[in-house]
Amino acid sequence: MDQEQTVTGKSILRVDGPQKVRGEAKYAAEYNIPDLLHAYVVTASIAKGRILSIDLATARRFPGVVEVLSHKNRPWFWPVSFLYKDAAGPPGKPFVPLYDDRVYFSGQPVALVIAENYEAARDAAALVKVTYKAEQHTTDLAASAAFKPRKRRIGVAPVPHPTGNADLAFAVAPLKIESTYTTSPENHHPMELFATTVKWGKIVTVYDKTQSPKSVELFLKFAFRLIGRKVRVVSSYVGGAFGLGLRPQQSVFLALMAAKALKRSVRLVLPRDHMFALGYRANAVQTVSLAADEQGRLQAIRHRAVAATSQFEDAQDPMLLFSASLYRCNNIKLTYELAKLDTVSPCDMRAPGAATGMFALESAMDELAYVLDMDPLALRLTNYTERDQSENRPFSSKALRECYALGSERFGWHKRSRAPRSMREDKELIGWGMATGAWEAAMSPAPARAKVMVRSDGKFEVTSSITDIGTGTYTILSQIAADTLETTMDRVVIRLGDSALPFNPIQGGSWTAATSGAAVQSACRKLKSTIRSRAKHTGVLGRGQGAELLSASALIDLLKLQRGRKLSATATMFSFPFGKKFSSATHAAVFAEVRVDEELSVVRVTRIVCAVAAGRILNPNTARSQIIGATVMGIGKALHEDAAYDHNLGRCMAHGFADYHIPTNADVYDIDVVFVDETDAEVSPLGVKGVGEIGVVAVAPAIANAIFHATGERMRHLPITIDRLARAGSR
Ligand code: MOS
């Protein structure tokens, strides 16, 4: 920025904190509207087949029920499913609820009960009788044929091209490992349930849980042909989403369908059980082959991944991206394949692809270190690269070396004894493991807009349609505005999460701070120069007083707002044009300590140090929060979260948090987050890289590696549950 900063870069408390603590921050299901109807979804009990009959009569007679919709009596919508494309969707035909009689996955909506109250809708839903003609289903990744996706998903980096001859180099290398790693599917499970409240009227207001109000608005308007009606989508507060809200969800589609059919206001809140069938982090089978010379220099990297997808879409994510760019190696071969399952489509989940791919790569690096009898950190440093060899260009910045140095120092890594099972205390084996994390640092491919105006009370109002999914967007955008306008935080009012506000892309990809932040900065700069020229021309300044010497707020005070004259500025920020000159990524080094009860195989992750290089940190408080949250998610990925299927039923066995385990407070011990300085003028106008996703990437492999160090058991399946570890130890 071109002036002295006062709040950007400081640990400002969340500006939305007080509203949230007082319960004033409204979430999608909390808008109370007169005569509101409540909907409940009836879900399919088979994984594949057709609906033969659906009996709605009994449910209809239930007291309080207003209507029951199925594919037979739903309102009209486009009969061609490829028309339901959304900005974040992969190639294929998007799933459309109540479209026809086909069942694609267990838990798929097959009917919707709408009643005067939630309980009536829920109870009547149990009375809808559906008969099916079931077909043979496949939900087991190992039993499904792998194929290369024909069409690439837009916006996802392609699988890097092979270099050298990895097969030959691997065959002749003296030291090598080849291992296969598998991961269970995971569900996002944000704390807030997916929910939509539709206020029907000339203007249709849709309070929805989403990561992009604008995408949802465009999607609904088109899907339901709401010609002549204004559709406004509001998501002022979002209680976490982690990628599950990137695409318009089944819930918003069904809620609007009901509202349109009945011309009434409708609310649909999905119970936790239903959230298992909205999307998941693709489970995968990955084989990694690494070869090195005696000095530990990598001679070959082969990484093959087979990831789950649905029958109707080819979900894709950058699972192999960093296998080509993280370590120096001349012979690299990467293979990315999909296998079709009778499930809902997998979708992006925090650091999609990377969190799974890097578990395999970083576990394999640890295995190689033991083959070489080398320190795992030393192996990484031996193969450190200053250039992105897959694209043959420099990084816009890369302070990974500093992450290793600072992280290992804070952790005390040099005190580690290398041999497995060499550290213990009483009944517990102690293990120390580490892993590298990397994630894309980019601005949104879609442009972002922001508006700032002077209000009659002298405050500056900043508006943008972007959501804050708990990341701290309200706060950091306020900081940027305050500094750019050279005013204080209390004179900045911010409104977000509303499709009626200036267009912004999806909140995701860790790009919001860089993209929407730059738009806010640009709008504020414009407004400041407008105010300055106004001040010059109106003569409010005394002799010798230069407008440049006064802040925007001081000038506004002098101008006394010029009653009746609107002062505002709008700016559009396009993706920062650094083109092909640089590669850009965020990096992290994670060091983990586990304590494993030798008799019970219970793992405690007692210490994690996470050193992150993510460009400029706008607010260490909210940024640190992101890394801590992602680290907890990483602990869940490593030890708990398992959306395992019963392949007989073709159904996820978990129905809630009783059986889908996530880390609780008792599972989380010491998490030490440290940011290393990284100045980057190329990555984005603010020098920001984003911190939403990088925190999760290296946690699971660091824990798996620590478990090997503690127990001598190489755990190649996530999550590493107690039973799996106990079984491995009793072999
Ligand atoms: Mo993120 S997986 O782009 O919400």
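Both counts, for ligands and for their atoms, begin at 1 and track the order of listing.
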Salt bridge or not for Lys93 and Glu313, using N-O below 4.0 Å?
no
Are Tyr27 and Tyr207, when compared by the centres of their aromatic rings, separated by less than 6.0 Å?
no
Which pairs with one or both residues in residues 500-518 pass side chain to side chain donor-acceptor pair (under 3.5 Å), sequence neighbours excluded?
Ser464-Asn504, Thr471-Gln507, Thr473-Gln507, Asn504-Ser516, Gln507-Thr512, Ser510-Glu693
Using a 6.0 Å distance limit plus a 45 degree cone around the ring axis, check whether Lys148 lies over the aromatic ring of Tyr336.
no
Aromatic ring centroids of His189 and Phe276 under 6.0 Å?
yes
Ligand 1: which protein N/O atoms lie under 3.5 Å from its N/O atoms?
residue  : atom  : partner : partner atom : Å
ligand 1 : 3 (O) : Gly509  : N            : 2.6
ligand 1 : 4 (O) : Gln211  : NE2          : 2.8
ligand 1 : 4 (O) : Gly243  : N            : 3.1

Indicate yes or no: does Asp672 engage Arg624 in a salt bridge with an N to O separation below 4.0 Å.
no
